[in-house]
Q: 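Got a structure here, written out as structure tokens. Questions coming.
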Amino acid sequence: MRGVFAGLGKSKAFAAVGRALVPADRVLLRISGGRVGVGAAVGLRTLLLTTTGRRSGEPRQVPLLYVERAGGYVVIGSNWGGETHPAWSANLLAHPAATVTRHGRTEEVTGRLLAGDERQEMWDAVAAYWPAYDRYAVRAEHREIRVFLLEPVSR
């Protein structure tokens with residue numbers, strides 16, 4: 001099932017639909033403790049990231065696809081290939097301490113923006129899992145898409 005959605009995920013129409021589903025995904029993940037979400041329903045690895053708003057200081061939640069690597073969770077701030085970076089990535093840059101909820105467990109993490117070879121290695125791992133990221137990068141050619149490693153605080 002993931003393969004079907006990965007193919008669809010490359011289209012601009014899917015990006016529009018995906019953006020519209022984010023609020024529903026956020027609610028499902030929140031009330032299920034990270035067990036059930038739109039992405040998980042179609043076989044995708046999703047987590048609920050809670051950051052601190054860089055301006056408001058309030059908790060902000062967003063569902064994200066992830067790949068486990070280097071003892072943490074790699075997430076990509078593609079914003080569906082849009083012109084701007086997603087707000088959650090700016091929040092992580094301002095306040096790297098965050099939490100991740102998945103499979104009914106919440107853990108503290110620290111977000112670290114990746115660069116250079118490390119960024120490329122992690123990009124390749126996530127793009128292999130969700131090939132649409134390569135298409136998002138083409139659409140967002142005017143900016144480098146941010147790649148973060150969310151490292152658990154205690155493991």
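Just so we're clear, the structure is a prediction, and the values are computed from it rather than from any experiment.
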Q: Under a 4.0 Å threshold between the charged nitrogen and the carboxylate oxygen, would Glu121 count as salt-bridged to Arg69?
A: no
Q: Considering all heavy atoms of both residues, which atom of His142 and which atom of Glu83 are nearest to each other, and what is their separation?
A: NE2-O, 2.9 Å
Q: Could you give the distance from CG (Leu48) to CD (Gln61), rounded to the nearest 0.5 Å?
A: 4.5 Å
Q: How long is the gap from CZ on Arg119 to CG on Leu149, to the nearest 0.5 Å?
A: 13.5 Å
Q: What is the distance from atom CD of Glu144 to atom CG of Leu113, rounded to the nearest 0.5 Å?
A: 8.0 Å
Q: How long is the straight-line distance from CH2 of Trp88 back to CG of Asn79, given to the nearest 0.5 Å?
A: 9.5 Å
Q: Is it true that, when you exclude Glu108 itself, more than 12 heavy atoms of the residues, nucleotides or ligands shown sit nearer than 6.0 Å to its CD?
A: no
Q: Can you list the steps and then say if Trp123 with Leu114 is a side-chain contact (heavy atoms from CB on, under 4.5 Å)?
A: CA-CA 10 Å; Trp123 175 276; Leu114 303 179; over 6 Å; no
Q: What's the spacing between Phe148 CZ and Leu49 CG if we round to 0.5 Å?
A: 9.5 Å
Q: Do the ring centers of Trp130 and Tyr66 come within less than 6.0 Å of each other?
A: no
Q: Strictly below 4.0 Å, N to O, side chains only: are Arg102 and Glu68 in salt-bridge contact?
A: yes
Q: Using side-chain heavy atoms (C-beta onward) and a distance below 4.5 Å, is Ile76 in contact with Ile145?
A: yes
Q: Within this structure, what is the CG-OG1 distance for the pair Leu92 and Thr52, rounded to the nearest 0.5 Å?
A: 9.0 Å
Q: Any donor and acceptor pair, going by atom type alone, linking the side chain of Tyr129 with main-chain N or O of Arg45 inside 3.5 Å?
A: yes
Q: Tell me the closest heavy-atom pair linking Gly111 and Leu150, and the distance in Å.
A: CA-CD2, 3.8 Å
Q: With no hydrogens and no angle check, do the side chains of His95 and Arg54 hold a donor and an acceptor under 3.5 Å apart?
A: no
Q: Grab the two heavy atoms, one from Gly82 and one from Ala140, that are nearest each other, plus how far apart they are.
A: O-CB, 3.8 Å
Q: Can you check whether Glu151 reaches Val109 side chain to side chain, under 4.5 Å on heavy atoms?
A: no
Q: For Tyr73 versus Pro152, what's the shortest heavy-atom pair and its separation?
A: CE1-CG, 4.2 Å
Q: Ignoring hydrogens and angles, state whether a donor on the side chain of Arg146 or Ser89 is under 3.5 Å from an acceptor on the partner side chain.
A: yes
